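It should be emphasised that the depicted structure is a prediction, and the values quoted were computed from it without experimental measurement.
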Amino acid sequence: MFLIFLAILVSVVQNAFVLHLLIMVFTSIALGLAWNIIGGYGGQLSFGHAAFYGIGAYTSTLLFVHFGLTPWVGMIAGGVLAVLVSLVLGMPCFRLRGTYFTLATIAFAEVLRILTVYFKEITGGSIGIVLQFKGGFWNLMFRNREPFAYIALALMALVYYLSVWIENSRLGYYLSALKENEDGARALGINTYRSKLVALMISAFLTSLVGSFFAQYLTFIEPESEFSLGLSIAISLPVMIGGIGTAIGPVIGAFIITPLQELLRIYISGEYQGLQSIIYGIVLVLVVIYIPQGIHKWARGIVSAKSRS
Amino acid sequence: MLIIIGQSLISGILMGGIYALVSIGLTLIFGVMNVVNFAHGEFLMIAMYMTFWVFHYLHIDPYISLFIVTPVLFLIGVVTQRFLIQHLIQAEHYTQIFATVGMSTVMANAALFFWKADYRMVKTAYGSATLNFSDLVISYPRLVSFLMAIAITILLFIFLKHTYLGRAIRATSQDNIGAKLMGVNIDRVYIFTFGLGSACVGVAGALLMPIYYAFPTVGLHFVLTAFVVVVLGGMGNITGALFGGLLIGVVESFSGFFISPELKEAVYFVIFVIVLLFKPSGLFGLSKG
Amino acid sequence: MRKVWQKLGFGCLLAGLFLIAASGGAGQSAWGQDIKIGVIQPLSGPMALLGKYSLEGSEVARLELNSKGGVLGKKVEFIIVDAPDAKAAAAAAEKLCTVDKVKVIMGTYSSSLSYAATNVADKYGVVYWELGGISDDITARGFKYVFRTCPVASTYSYSAVQCMAEYLAPKMGKKPGEMKLALVYEDSLFGTTQVKYGAEAAKKYGIPVAADVAYNAKSTDLTPVILKLKAAKPDFLLYPGYFTDQILFIRQSKELGFNYKMALTTGGSGLKDFGKALGDDVEALGLVGFTSMDVNPKFAKGIKEFAALHVKLLSKEADGPYPLMNYMGTKVLFQAVQKGGAMEAEAIRKGALAIDIPHEGTETGGGVKFDSKTGQNLRAITPVSQWQKQQMVTVWPEKAAIAKMIFPQPTWAERKK
């Protein structure tokens with residue numbers, strides 16, 4: 001259905017810039033959906049997801065650059081590492097509630113960033129790592145955008161279907177229960193701690209895959225881009241705008257936010273320093289205050305109101 | 001070695017005073033309204049710019065313009081609360097966070113747009129003045145900030161304990177529904193509290209100008225540390241913020257020398273997480289100022 | 001219900017595509033006879049100030065060129081895109097290459113921005129003309145159409161250490177091996193790269209490294225850094241940093257009584273406001289980097305004309321070395337285009353490789369000769385200047401010097417008198 005439409009779109013579009021935008025949108029969706037698993041379904045707001053993204057990017061890149069390991073395997077390695085790290089984060093921190101958990105995730109990602117800069121011999125520190133171009137499918141590097149777009153689309157589809165599956169699975173029910181009322185859920189016998197951990201692990205794995213993908217696409221990684229707080233916020237933004245806690249929310253959010261952001265920056269910022277971010281920030285504040293449930297639910301509300309009248 | 005330890009300690013305490021100053025307003029707001037204000041750093045930024053403009057055009061020293069900047073920040077806080085934050089009080093945490101992140105983006109970029117990216121500084125006669133005790137050095141402007149932090153903590157403490165408004169604020173932070181039932185106008189309390197918190201940051205901004213610089217993204221440098229201090233001290237605990245700030249300052253200073261200057265932030269972040277895990281109400285308990 | 005979702009999805013998709021299509025259309029509006037050159041600089045975010053100065057230098061070159069009739073008979077227009085970070089730089093390059101279809105892109109002040117953008121430009125066979133990013137790796141990838149007019153990080157560091165070993169040490173009657181060097185730096189790409197080469201250069205010139213201290217540029221207190229350096233008792237400092245942290249460093253060095261014979265700094269120390277902020281405390285501080293505006297005009301021919309032109313065209317003085325460096329680099333690009341005869345990558349490349357300006361032939365005092373394998377200007381130089389009475393005067397090499405170097409730097413105690 002929709003996905004087939006997108007696939008055809010990718011094959012038809014020739015303009016490389018549009019393809020670039022599409023890749024950005026697809027990956028935004030994938031990241032948002034992955035975040036949504038723990039943030040939306042589980043109600044545990046993480047502002048440290050850049051940690052997992054960065055782990056994915058650095059793991060697959062270091063393996064690729066030093067050992068020639070194909071990023072397809074490197075991605076999985078990164079994902080596994082991200083899962084382990086997520087356990088280190090989640091096990092202690094899931095005892096925290098609400099804002100405290102969020103603050104802990106911020107601190108977590110920051111510490112990872114600082115460490116990445118510090119251990120210069122391994123990670124290259126702030127100098128970052130440049131991926132030399134070695135074309136080919138197994139190297140996950142291509143001269144033109146199309147193959148990247150297909151892969152991004154596939155990643156997005158993977159995360160989307162996983163999300164829908166989780167939503168309707170037992171884990172999904174546990175998560176929505178504990179999101180509503182954690183103590184109540186516990187009283188019902190749900191092991192909330194374990195549910196949260198599983199959700200976080202899945203979320204971390206998927207986020208890390210996207211991080212690896214992006215490293216191959218941009219062919220350059222550095223701690224600031226891969227681990228920053230700004231990135232963590234950007235990951236959760238489309239979910240917030242589109243509708244937190246649903247699978248379709250991040251999709252809508254990303255389709256609106258990502259092109260808006262890129263185009264605002266490219267067209268307005270040249271002459272007027274900062275203006276595009278002001279607009280962007282105002283839009284964000286307005287949407288968040290007046291449509292806090294997300295555009296998806298809001299639009300649904302309108303449609304069902306109309307169908308009732 | 002002893003001198004190094006002594007010097008690190010002094011620098012840490014003085015720096016901690018500054019952190020405390022920035023954090024006091026944040027913890028007050030947190031404690032009373034339970035709102036996560038990611039834009040707190042931008043209020044600091046505004047206070048700094050304002051101090052700069054007053055110095056630049058009116059040639060008034062920051063230690064005096066403090067008395068101008070602080071009320072203005074109070075007003076800005078009041079207005080912000082009335083028109084923006086008010087909507088967020090009942091909202092979900094993520095709404096609060098995103099809304100204040102959006103505010104932060106708008107404010108920092110508006111500063112960039114209107115005032116450009118240049119660094120603004122204030123050159124005062126006492127800027128590099130120091131007090132020397134044998135081999136130990138105390139920077140004069142930092143000492144002043146430190147003393148002010150203590151003074152403000154004491155003032156706030158007295159205010160909250162002994163005035164009607166202060167008690168109303170405390171009541172609201174402990175139990176806002178109960179307070180309402182007792183006749184406290186909650187909305188007015190919120191407005192006043194946010195204004196008061198912003199005023200505190202105003203003081204911090206004015207005192208920071210002789211030491212540091214104003215530029216659009218200066219808020220970002222301080223806000224994360226402020227959050228750490230607030231949690232360490234206990235949300236809503238003013239004296240906690242003071243001691244938390246001092247503690248962070250000292251930890252930062254020592255880890256900077258003995259481990260590595262690059263890792264000093266990581267060290268207090270780790271401490272932060274540890275405290276969160278074992279004593280989320282803060283090192284100094286939950287008493288509200 | 002599903003239909004509602006699908007309709008919503010389609011709706012958003014269409015809205016998004018519309019935005020994209022609109023952007024495609026807008027990019028192709030009629031430009032007429034002008035030559036379009038893309039420019040990527042950070043104009044927002046933390047690097048905005050120097051990004052702007054860089055752009056202004058290029059602007060002066062462009063306005064000057066157009067007033068003389070342009071190049072290849074046409075006037076030049078810039079398509080400017082702001083890139084506050086690496087991802088934005090990549091997107092900017094994408095847009096310039098595919099939507100605006102430029103043949104040349106200039107930029108970029110920051111090395112991480114440059115990496116990202118040059119990667120993209122290379123895929124489209126678009127010429128990338130680097131004016132200010134100094135990381136050696138930018139030209140080390142062997143991209144056919146990447147050229148760089150400014151010096152590289154390794155040049156800075158080698159230059160600085162060479163000055164210490166061959167000029168300063170003898171002045172003290174000592175051998176390089178008898179001096180001590182401390183490396184202090186902000187820990188981002190900029191500082192780390194410079195210091196990496198600094199350590200190499202120290203080995204080459206035989207000066208032992210007594211300390212290696214990194215810090216985060218956002219620090220509000222550098223006491224730990226200074227205490228560590230004090231303990232090592234260095235004679236020389238090699239110090240790449242940014243504006244606010246370098247000011248903080250000098251101030252706190254004064255407070256803590258940290259003295260050294262000469263600090264060769266690079267980065268924020270080259271701005272006018274740096275001198276204003278520190279007042280007398282900046283006196284005798286050394287800098288290594290792009291050619292300063294206060295240089296011997298017999299060495300840097302045309303510099304006075306550039307300074308006057310900047311004021312005339314932009315109504316303000318050129319601040320620091322960035323406008324000059326970007327101006328000179330942009331002019332060289334115009335020459336390359338003129339020589340090549342066409343706005344095509346291959347032609348420009350041939351034109352660039354054909355340029356042969358000897359040392360002291362450009363406004364910066366350097367020359368131009370691009371390495372055919374890497375595209376790097378082999379005759380880019382990094383003189384050493386020094387703050388003297390609120391001016392950054394060039395002091396080394398001696399033929400570029402406009403004043404004599406104050407050496408050793410007076411101690412803080414001595415300055416109080």
Side-chain angles (χ1 to χ4, degrees), chain A residues 39-40 43-45 47 89 91-93 95-115 117-120 125-126 229-230 233 236-237 239-241 244-245 269 272-293, chain B residues 30 34-36 38-39 83-88 90-117 216 220 223-224 227-228 230-231 235 259-260 262-278 280-281:
Chain A
Q44 307 298 314
L45 266 185
F47 267 171
L89 169 69
M91 285 201 308
C93 295
R95 289 195 266 140
L96 301 171
R97 304 290 181 91
T99 321
Y100 293 107
F101 175 72
T102 307
L103 289 176
T105 59
I106 296 179
F108 187 73
E110 269 298 291
V111 169
L112 272 186
R113 187 186 63 77
I114 293 174
L115 289 176
V117 169
Y118 183 70
F119 288 111
K120 303 184 179 58
S126 296
L229 175 57
I233 295 179
S236 46
L237 204 54
V239 188
M240 187 60 213
I241 304 267
I244 201 166
S269 68
Y272 307 102
Q273 282 187 286
L275 185 59
Q276 84 284 9
S277 293
I278 297 180
I279 297 178
Y280 186 65
I282 292 180
V283 167
L284 176 57
V285 173
L286 289 176
V287 168
V288 160
I289 291 185
Y290 293 109
I291 321 177
Q293 69 278 29
Chain B
F30 239 160
N34 211 13
V35 166
V36 187
F38 269 80
F83 293 106
L84 278 173
I85 309 287
Q86 193 63 29
H87 296 273
L88 297 176
Q90 298 299 347
E92 297 275 2
H93 279 300
Y94 55 81
T95 308
Q96 289 181 357
I97 293 178
F98 278 109
T100 52
V101 165
M103 265 169 60
S104 157
T105 306
V106 173
M107 286 163 83
N109 281 284
L112 176 62
F113 182 66
F114 288 113
W115 300 327
K116 304 288 166 249
L220 293 176
V223 77
L224 277 186
F227 274 115
V228 172
V230 163
V231 168
M235 294 209 201
I259 306 181
S260 157
E262 286 179 283
L263 289 179
K264 57 183 186 168
E265 277 173 2
V267 172
Y268 68 66
F269 276 131
V270 169
I271 293 183
F272 173 61
V273 175
I274 294 177
V275 169
L276 269 182
L277 292 174
F278 295 108
S281 56

Any side-chain heavy atom of A:L115 sitting closer than 4.5 Å to one from B:L263? yes

For B:V106 versus A:I278, what's the shortest heavy-atom pair and its separation? CG2-O, 3.7 Å

Please examine the side chains of B:F272 and A:E110, heavy atoms only from C-beta on, and report whether any two atoms are closer than 4.5 Å. no

Does any heavy atom of chain A fall under 4.5 Å from the side chain of B:L88, the backbone, both, or neither of them? side chain

Toward chain B, the part of A:F101 with a non-hydrogen atom under 4.5 Å: neither

Of the backbone (N, CA, C, O) and the side chain (C-beta and beyond), which part of A:S236 lies under 4.5 Å from a heavy atom of chain B, both, or neither? both

I'd like to check A:I233 versus B:F98 (side-chain heavy atoms, cut-off strictly below 4.5 Å). Are they in contact? yes

Could you look at B:S260 and say if it's the side chain, the backbone, both or neither that has a heavy atom under 4.5 Å from chain A? side chain

Engaged part of A:I106 at the chain B interface, taking heavy atoms whose separation is under 4.5 Å: side chain

Spatial distance of atom CD1 (B:I97) from atom CG (A:L103) [nearest 0.5 Å]: 7.5 Å

Could you tell me which portion of B:L84 (side chain, backbone, both or neither) has an atom closer than 4.5 angstrom to a non-hydrogen atom of chain A? both

Using a cut-off of under 4.5 Å for heavy-atom pairs, which of B:V228, B:L224, B:N34, B:V231 has the most such pairs with chain A? B:L224

Using a 4.5 Å cut-off on heavy atoms from C-beta on, say whether the side chain of A:C93 contacts that of B:V273. yes

State, with a plain yes or no, whether a side-chain heavy atom of A:I114 is found less than 4.5 Å away from one of B:E262. no

Residue pair B:F38 / A:F47, side-chain heavy-atom distance below 4.5 Å: yes

Note: vs chain B, highest number of non-hydrogen pairs under 4.5 angstrom among A:V283, A:V287, A:L237 is A:L237

Taking all non-hydrogen atoms of both residues into account, name the closest pair between B:H87 and A:I289 and its distance. CB-CG2, 3.8 Å

So, the part of A:L45 with a heavy atom under 4.5 Å from chain B: the answer is side chain

